Asks: 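Shown below is the structure under consideration.
First listed ligand is number 1; within each ligand, the first listed atom is number 1. On a predicted model such as this, the values are computed, not experimentally measured, just so you know. Values below: every heavy atom of this structure, side chains too, minus hydrogens, waters and symmetry copies.
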Amino acid sequence: MAEAADRTPPLVRTDRDGDIARITVANPPVNALSHAVRSGILAAVQAADADAGVAAIVLRCDGRTFVAGADITEFGRPAQEPILSTVLAAIDASSKPVVAAIHGTALGGGLELALACHWRVAVQSARVGLPEVKLGIIPGGGGTQRLPRAAGVAKALDMITSGEMIGADAALAAGIIDQVVAGDLDRAAVELARAKAAEGAMPRLRDRDERTAEARGQSGLFDAARAAMARRARGRTAPEYAIRAVQAAVELPFDEGIAYERALCDELKASAQSRAQRHIFFAERDAAKVPGVGRDTPVARIGQAAVIGAGTMGGGIAMCLASAGIPVTLIETTQPALDRGLATIRSNYEATARRGGMAAADVETRMGLIRPSLAMADLAGADLVIEAVFEDTAIKKAVFAEIDRHAKAGAVLATNTSTLDVNAIAAATGRPESVVGLHFFSPANVMKLLEIVRGARTDAGVLATSLALAKRIGKVPVVVGVCDGFVGNRMLRARGRQAERLVMEGALPQQVDAALYDFGFPMGPYAMGDLAGLDIGWRIRQEKGLKSAVADRLCALGRFGQKTGAGWFRYEAGSRTPIPDPAVEAIILEEAARAGIARREIANAEILDRLLLPMVNEGARILEEGMALRPGDIDIVWVYGYGWPIQEGGPMHWADARGLAAARDRMVELARQHGEDFVPAPLIERLAAEGKGFADLPQPA
Ligand code: COA
């Protein structure tokens, strides 16, 4: 054991360039500040400081990035000295200038480390940020105290409450770094260190007050940050705490600010919200790992794509591809449909440019990548074909037979179906191994989720290519199996059944929606129905001979939702705000009476349980059937595809956090009155009986 340990390269090492000590962190993949790294940096800084032959110190990293933050895997455990602030205090106190040399991403504790150094240089491609709020915490290593002293309060508030990164040039302009290096970073850092040692210059951010003084008495800055957060981070504690910590940087002496920041950070680290957000961080990364798809699985290069269908979905998908620089042929059957599709794409891009989301010149660049066509033969050059035509198996099969005739060998053939049988669609081709489902969520150019549907015959290389494509176009992929509605829509249906019953039993649409909104969803099922359009479900029900008492009557009145100005709610002209409608209430009361239901008052807690527990139950069945690989994959689907509040960690994490045994007991109770949606799945029974949760399930092999 001892011998093996000796051969392990040190995580932190020091070498010398003349009188400059170069301290290097080498902790792949992202140089996270684990306990060993913190100890190593502290020892190295103290040794260099004590060494009479050292004039100055450079702190740099091996590998693909500067330190990308605290080691998130350590968060659940008690903090162990030296904690980050102990290390940073030693750097701050060093009698010799310390220069941080930044490449890749200096994030979280990494940026805090750099801010504790006396000088910061970075390559132009470097990015810096304090993303802690995304993990439900705030910086705990002085970030909320040093960043406002470097960049001013407004900038610091923006960066810390959003968690977004900025590039090196912007960081230079903001005063966060001192120099952007065009050539050799290490050389530049050593030269700067040497020059500063000669000057005897040792600027410490802790001693700077002019940027924070500007904000003293300017409470408007903090009010504005709170107002911005009220919508963007509704229900999340960390952004509010971040604002308070920055306020402390303005109002308190440095050391008191540091202590205040640490207390807030420690409280958040132990919170349920942070546990949920950390779960999502790792679940997102796990979801990209698929058994049978390894590093050696070949990934096809997508140089050219084709999208069949220029409707809402097809157009949105074409935008995703063009925005990532992938040329795409957009194919329709008629010129008017093609023109309409292109016009919508252009107006969406222009709206984004107007809001500052992209450069105006990029509108033309992206439009230039989309080549409209009326001929299926034009997909012949595509490495990837995505079908987004009407949701009907017969139509999709016909389209795939046609795609099969024209597509080149080795092309990935994808269907954007949201419910249909991908195997049946694949069977319409002579190459089912090339067929995969790529289920985008509406609006496709905005929503981050991509369900990758693995058919019975889908080749591993096609999956690997789909996963790589998702990353390239900025989507979060989850691989799912073929079942009705896949993961997301299948669980949505379980929720929808109960939403409908609640309204018959005594709740009104606005009460059902409010319960979910208060839980953290951007909207409830009724507002969502009005947004999507009620006529689609009506048509499907008519085809299948199904009924939905209230919804059918609304549709018969031409109330199809937002597009007709009325649905479950009514809408003022030009507004998307749902307004409760007495006419709808009257219909609900009539239909409930007709069905012989004695309506009763229903508490919000019951509404939530009735809506969310059937989803957990359906999720458990999805796991039992192997349609999702892990509970975390299901959570990712719901957080990124349907707006499940990230601070609640997705449905499966939510059930675990509540205690799966307690959730099971509540389901048993509800099953007595409300039937099979609540009869716990065998997987839930088994885990609960063993005192376990979904998180205890083994990772798929
Ligand atoms: N602590 C522990 N592990 C971390 C980590 C951290 N701070 N940051 C990343 N990792 C791990 C990931 O889990 C992943 O592990 P895996 O390969 O076993 O799945 C691996 O490092 C690579 O990360 P990944 O995100 O897949 O790489 P990337 O190149 O796409 O992105 C970063 C790199 C640094 C931008 C991204 O990982 C990130 O944002 N990390 C979190 C940064 C952060 O929040 N820091 C503040 C912490 S307080």
Asks: Donor-acceptor pair, Asn27 side chain versus Ala32 backbone, under 3.5 Å?
Replies: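 The answer is yes, because a donor-acceptor pair under 3.5 Å joins these two groups.
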
Asks: Within a distance of under 4.0 Å, is there any protein heavy atom near atom 32 (C) of ligand 1?
Replies: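 Given the 4.0 Å cut-off, atom 32 (C) of ligand 1 does not count as touching protein heavy atoms.
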
Asks: Give yes if a backbone or side-chain nitrogen or oxygen of Ala32 is under 3.5 Å from a nitrogen or oxygen of ligand 1, and no if not.
Replies: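 No: no nitrogen or oxygen of Ala32 is under 3.5 Å from one in ligand 1.
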
Asks: Would you mind running through ligand 1 and noting each atom that sits below 4.0 Å from a heavy atom of Phe282?
Replies: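 So the atoms of ligand 1 that pass are 13 (O).
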
Asks: Does the side chain of Glu284 come under 3.5 Å of the side chain of Tyr640 through a donor N or O and an acceptor N or O?
Replies: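 Indeed, the side chains of Glu284 and Tyr640 share at least one donor-acceptor pair under 3.5 Å.
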
Asks: Salt bridge or not between Lys475 and Glu451? Use side-chain N to carboxylate O under 4.0 Å.
Replies: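 Here Lys475 does not pair with Glu451 in a salt bridge, since their nearest N and O are not under 4.0 Å apart.
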
Asks: When you compare ligand 1 with Leu107, is there at least one nitrogen or oxygen pair between them that comes in under 3.5 angstrom?
Replies: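 Between Leu107 and ligand 1, no N or O pair is found under 3.5 Å apart.
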
Asks: Tell me whether the centres of the aromatic rings in Phe441 and His439 are closer together than 6.0 Å.
Replies: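 When the ring centroids of Phe441 and His439 are compared, they turn out to be within the sub-6.0 Å range.
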
Asks: Quick one: does ligand 1 sit under 4.0 Å from the side chain of Leu135, the backbone, both or neither, non-hydrogen atoms only?
Replies: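 Side chain only; the backbone of Leu135 stays clear of ligand 1.
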
Asks: May I ask whether Gly109 places a heavy atom under 4.0 Å from ligand 1?
Replies: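 In this structure, Gly109 fails to qualify as a contact of ligand 1 - no heavy atom is under 4.0 Å.
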
Asks: My understanding is that we take every heavy atom of each candidate and find the minimum distance to atom 46 (C) of ligand 1. Doing that for Gly110, Gly108, Ala106, which one comes out nearest?
Replies: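 Ranked by closest heavy atom to atom 46 (C) of ligand 1, first place is Gly108.
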
Asks: If only side-chain N and O atoms count, and only distance matters, is there a donor-acceptor pair under 3.5 Å linking Arg22 with Thr14?
Replies: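 No donor-acceptor contact under 3.5 Å links the two side chains.
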
Asks: Answer with yes or no whether Lys134 contacts ligand 1, where contact means a heavy atom under 4.0 Å from a ligand atom.
Replies: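 Checking ligand 1 against Lys134, which is what was asked, there is no heavy-atom contact under 4.0 Å.
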
Asks: Please state whether the rings of Phe521 and Trp638 are parallel, tilted or perpendicular, taking 30° and 60° as the class boundaries.
Replies: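 Judged by the thresholds at 30° and 60°, the geometry between Phe521 and Trp638 is perpendicular.
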
Asks: Can you list the atoms of ligand 1 that are under 4.0 Å from a heavy atom of Arg64?
Replies: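 Close to Arg64: 22 (C), 23 (O), 27 (O), 28 (P), 29 (O).
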
Asks: Show me which atoms of ligand 1 lie under 4.0 Å from any heavy atom of Lys471.
Replies: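 Those qualifying, in numeric order: 30 (O).
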
Asks: Under 4.0 Å from a heavy atom of Glu132: which atoms of ligand 1 are those, numbered in the order shown and with their elements?
Replies: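 Result: 48 (S).
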
Asks: Can you confirm, on distance only, whether ligand 1 has an N/O atom lying under 3.5 Å from any N/O atom belonging to Thr105?
Replies: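 N/O-N/O distance below 3.5 Å does not exist for this pair.
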
Asks: May I ask you to say whether Arg60 pairs ionically with Asp62, meaning some side-chain N is under 4.0 Å from a carboxylate O?
Replies: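 Between Asp62 and Arg60 there is a salt bridge, with a charged N closer than 4.0 Å to a carboxylate O.
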
Asks: Donor-acceptor pair, Arg208 side chain versus Arg204 backbone, under 3.5 Å?
Replies: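 Side chain of Arg208 to backbone of Arg204: no pair is present.
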
Asks: How far is atom 8 (N) of ligand 1 from its nearest protein heavy atom, and which residue and atom name does that atom have?
Replies: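 Residue, atom and distance for the closest contact: Val30 CG2, 3.5 Å.
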
Asks: For Lys289, take its heavy atoms, then give the atoms of ligand 1 lying under 4.0 Å from any of them.
Replies: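 By the 4.0 Å cutoff, the relevant atoms are 16 (P), 18 (O), 19 (O).
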
Asks: Could you list the atoms of ligand 1 found under 4.0 angstrom from a heavy atom of Asp71?
Replies: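 So the answer, numbered in order with elements, is 1 (N), 2 (C).
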
Asks: Nearest 0.5 Å please: distance from the CD atom of Gln273 over to the CG atom of Leu135.
Replies: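 Gln273 atom CD to Leu135 atom CG measures 12.5 Å (nearest 0.5 Å).
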
Asks: Is it the case that Arg226 places NZ or CZ above or below the six-membered ring of Phe222, under 6.0 angstrom from the centre and within 45 degrees of the axis?
Replies: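 Verdict for Phe222: no cation-pi partner in Arg226.
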
Asks: For atom 15 (O) of ligand 1, is the nearest protein heavy atom under 4.0 Å away?
Replies: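 It does not; no protein heavy atom is within 4.0 Å.
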
Asks: Look at Arg146 together with Asp92 and state whether they make a salt bridge at an N to O cut-off of under 4.0 Å.
Replies: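 Between Asp92 and Arg146 there is a salt bridge, with a charged N closer than 4.0 Å to a carboxylate O.
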
Asks: Nearest protein heavy atom to atom 25 (O) of ligand 1, by residue and atom, and its distance?
Replies: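 In this structure, atom 25 (O) of ligand 1 has Arg285 NE, 2.7 Å as its nearest protein heavy atom.
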
Asks: Could you tell me the residue and atom name of the protein heavy atom closest to atom 47 (C) of ligand 1, and the distance to it rounded to 0.1 Å?
Replies: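 The protein heavy atom lying closest is Ala70 N, 3.8 Å.
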
Asks: Under a 3.5 Å cutoff, is there a donor and acceptor pairing between the side chains of Gln699 and Arg630?
Replies: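 Checked: Gln699/Arg630 side chains pair up, N/O donor to acceptor below 3.5 Å.
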
Asks: Between Asp207 and Arg149, does any side-chain N to carboxylate O distance fall below 4.0 Å?
Replies: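 Judged by the 4.0 Å cut-off on N to carboxylate O distance, Asp207 and Arg149 do not form a salt bridge.
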
Asks: Provide the number and element of each atom of ligand 1 under 4.0 Å from a heavy atom of Pro29.
Replies: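 Here the atoms of ligand 1 in question are 20 (C), 21 (O).
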
Asks: Give the contacting part of Ile72 toward ligand 1: side chain, backbone, both or neither, where contact means a heavy-atom distance below 4.0 Å.
Replies: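 For Ile72, backbone and side-chain atoms both sit under 4.0 Å from ligand 1.
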
Asks: Is the shortest side-chain N to carboxylate O distance from Arg38 to Glu74 below 4.0 Å?
Replies: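 Salt bridge present between Arg38 and Glu74.
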
Asks: To check your reading of the model: name the closest protein heavy atom to atom 40 (N) of ligand 1, its residue, and the distance in Å.
Replies: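 Of the protein heavy atoms, Phe281 CZ, 3.6 Å lies nearest.
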
Asks: Considering heavy atoms of the protein only, find what lies nearest to atom 42 (C) of ligand 1 and give residue, atom and distance to 0.1 Å.
Replies: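 For this ligand atom, the closest protein heavy atom is Ala68 O, 3.2 Å.
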
Asks: At under 4.0 Å between heavy atoms, which part of Pro131 makes contact with ligand 1: side chain, backbone, both or neither?
Replies: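 Within the 4.0 Å criterion, Pro131 contacts ligand 1 through side-chain atoms alone.
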
